[in-house]
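Structure first, commentary second.
Note on naming: letters A, B, ... go to the chains in the order of the sequence lines (proteins, then strands), and numbering restarts at 1 for each one. In this text the structure is predicted, and so the values were computed from the model without any measurement. Computation of the quantities below employed the complete heavy-atom set of this structure, encompassing side-chain atoms and omitting hydrogens, waters and symmetry-equivalent molecules.
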Amino acid sequence: MTDRVVVLLDMDCFYVQVEERDNPHIKGVPAAVVQYNSWKGGGIIAVNYEARAFGVKRGMRGDEARGKCPDLQLVQVPVNRGKADLTKYRDAGKEVIKVLCEFSDCVERASIDEAYIELTQTVEDRIKKKNGTHIATDMLKSSWVVGYDKTKDGDQQGVREKGVHEWLNSVFENGEDAALPLDSNHPQWDNVRLAYAALICEDMRAAVLAQTGFKCSAGITHNKMLSKLACGLHKPNQQTVLPQDEVSQLWDGLPVGKVRHLGGKLGDSLTEEMGCNTMGDLAKLSLQQLIGRYDNKTA
DNA sequence: CATGGGGTATTC
DNA sequence: GAATACCC
């Protein structure tokens with residue numbers, strides 16, 4: 001089903017970014033947010049990328065993290081009535097949602113720091129308005145395209161740019177502006193829409209940064225499941241397009257537990273009882289086979 | 001005691 | 001409304 005265009009936008013180490021905005025002191029240096037601190041330095045619930053380079057992880061105790069990174073800045077979650085109070089992060093999340101609503105009237109808040117944005121209509125409007133223009137490689141400054149992103153370490157930016165260029169050429173066919181006007185008769189209509197969605201998403205993330213000061217990553221595909229997956233492929237402060245024609249290759253190497261909702265008991269059951277190690281294995285099963293083991297809806 | 005507070009969705 | 005599953 002490739003009818004819609006959907007973006008998942010995920011804030012990078014959000015709680016730390018909120019604290020960095022409040023206190024520029026901790027910007028550019030290793031930092032983490034902890035809740036409570038009396039027992040072993042508190043539990044870490046967010047880590048910035050500077051601190052991740054030292055091996056600091058979510059779930060670690062503050063003391064343990066200081067062992068790995070002596071200069072780590074630890075910021076405590078405010079406490080209210082004896083409990084960790086996440087209100088300030090929740091409010092900051094609302095600021096982001098407000099910006100996203102400028103780009104679509106269908107925005108789903110999925111958590112404090114994530115939202116799904118239905119861009120189908122926005123993309124269609126943009127294509128109609130911008131018809132006759134094309135998308136140049138340098139308009140997609142922070143975009144990656146799955147299947148065109150093979151990096152052999154070094155020159156990351158060069159690999160990214162080359163991949164985007166090749167993909168745009170294949171989608172728009174020699175010269176990036178052939179086969180106009182663009183409409184649903186275009187032989188690569190779904191990819192044309194993803195390309196415009198990537199362009200809009202670059203603008204959307206720039207607007208989030210300009211209006212809130214926060215950076216984020218995004219996934220751009222035809223549904224929520226794939227956009228969530230794509231978002232995680234290039235972080236932080238980047239975005240990833242996953243064209244539908246690349247999905248089966250991606251699935252062949254992807255453990256089922258990496259997909260949203262399959263990270264728990266259902267995923268384990270698929271692996272142990274149905275023999276599915278990867279999403280590729282799962283895709284080979286028929287609906288009938290799944291109905292034999294799970295209830296209708298789950299199947 | 002020792003990740004935990006909080007969200008959605010489903011089922012009974 | 002409680003219990004369960006899954007998520008960040």
Side-chain angles (χ1 to χ4, degrees), chain A residues 6-19 32-49 51-52 55-68 72 74-97 100 106-118 208 214-219 223-233 235-236 254-274 276 279 282 290-291 293-299:
Chain A
V6 176
V7 167
L8 180 275
L9 186 139
D10 183 286
M11 306 310 294
D12 303 326
C13 55
F14 188 45
Y15 295 3
V16 180
Q17 281 203 82
V18 172
E19 297 299 341
V33 172
V34 286
Q35 50 188 1
Y36 312 116
N37 70 347
S38 42
W39 190 71
K40 296 187 176 178
I44 292 180
I45 56 176
V47 185
N48 72 3
Y49 283 78
R52 288 182 201 194
V56 177
K57 292 202 164 80
R58 270 173 43 109
M60 262 181 193
R61 291 285 145 188
D63 292 350
E64 188 187 355
R66 276 259 164 73
K68 297 201 172 263
L72 181 66
L74 286 174
V75 184
Q76 274 178 254
V77 175
V79 173
N80 216 319
R81 296 179 209 109
K83 275 195 161 188
D85 181 6
L86 306 179
T87 305
K88 71 187 287 193
Y89 312 115
R90 205 163 284 128
D91 289 347
K94 286 179 195 160
E95 293 177 41
V96 174
I97 299 291
L100 302 183
C106 185
V107 174
E108 176 188 344
R109 227 193 125 151
S111 75
I112 283 183
D113 78 327
E114 282 188 344
Y116 292 94
I117 306 109
E118 160 69 83
V208 168
F214 300 135
K215 293 178 177 174
C216 59
S217 301
N223 63 53
K224 286 165 62 173
M225 181 194 76
L226 291 176
S227 288
K228 171 72 180 159
L229 186 63
C231 178
L233 298 178
K235 283 182 164 202
L254 191 77
V256 290
K258 300 281 184 193
V259 168
R260 189 166 78 136
H261 295 150
L262 302 182
K265 294 181 181 184
L266 179 56
D268 288 346
S269 152
L270 284 168
T271 302
E272 288 158 22
E273 300 176 53
M274 307 298 284
C276 297
M279 287 301 287
L282 178 53
L290 290 165
I291 287 174
R293 171 59 186 80
Y294 306 101
D295 67 68
N296 248 329
K297 204 166 171 180
T298 304

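- Straight-line distance from the CG atom of A:D295 to the P atom of B:dT11: 6 Å, rounded to whole Å.
- Taking atom CZ of residue A:R90 and atom C1' of nucleotide B:dG7, one finds them 8 Å apart after rounding to whole Å.
- A:W39 has its CH2 atom 8 Å from the C1' atom of B:dC1, to the nearest Å.
- Heavy-atom contacts from other residues, nucleotides or ligands closer than 6.0 Å to NZ of A:K88 number more than 12.
- Between the CZ atom of A:R109 and the P atom of B:dG6 there is a distance of 14 Å, given to the nearest Å.
- For A:K297 and B:dT10, the shortest distance from a side-chain N or O to OP1 or OP2 is below 4.0 Å.
- Counting any heavy atom pair closer than 4.0 Å across all strands shown, A:F14 reaches no nucleic acid atom.
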Under 3.5 Å, which N/O atoms of the protein pair with N/O atoms of nucleotides 6-8 of chain C?
{"unit_1": "C:dC6", "atom_1": "OP1", "unit_2": "A:K265", "atom_2": "N", "d": "3.1"}
{"unit_1": "C:dC6", "atom_1": "OP1", "unit_2": "A:L266", "atom_2": "N", "d": "2.8"}
{"unit_1": "C:dC6", "atom_1": "OP2", "unit_2": "A:K265", "atom_2": "N", "d": "2.9"}
{"unit_1": "C:dC7", "atom_1": "OP1", "unit_2": "A:H261", "atom_2": "N", "d": "2.8"}
{"unit_1": "C:dC7", "atom_1": "OP1", "unit_2": "A:L262", "atom_2": "N", "d": "3.4"}
{"unit_1": "C:dC7", "atom_1": "OP1", "unit_2": "A:G263", "atom_2": "N", "d": "3.0"}
{"unit_1": "C:dC8", "atom_1": "OP1", "unit_2": "A:K228", "atom_2": "NZ", "d": "3.2"}
{"unit_1": "C:dC8", "atom_1": "O3'", "unit_2": "A:D113", "atom_2": "OD1", "d": "2.9"}

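- Taken to the nearest 0.5 Å, the CG atom of A:L100 stands 12.0 Å off from the SG atom of A:C106.
- A donor-acceptor pair is defined here as one N or O able to donate and one able to accept, closer than 3.5 Å; no such pair exists between the side chain of A:R58 and the backbone of A:V47.
- The gap from the P atom of B:dA2 to that of C:dC8 amounts to 24 Å, rounded to the nearest Å.
- Atom NZ of A:K235 is surrounded by more than 12 heavy atoms from other residues, nucleotides or ligands within 6.0 Å.
- B:dA2 atom C1' lies 13 Å from atom CD of A:E64, rounded to whole Å.
- With rounding to whole Å, A:N80 atom CG is found 14 Å from B:dG5 atom P.
- A donor-acceptor pair under 3.5 Å is absent between the side-chain atoms of A:Y36 and the main chain of A:G43, judged by distance alone.
- Nucleotides C:dC6 and B:dG4 are separated by 15 Å at their C1' atoms, to the nearest Å.
- Between A:F14 and A:Y89, the ring centre distance reaches or exceeds 6.0 Å.
- Atom CD1 in A:I117 sits 10.0 Å away from atom CD in A:E108 (nearest 0.5 Å).
- Rounded to an integer number of Å, the gap from A:K88 NZ to B:dG6 P is 16 Å.
- Atom CD1 of A:I45 is separated from atom P of B:dG4 by 12 Å (rounded to the nearest Å).
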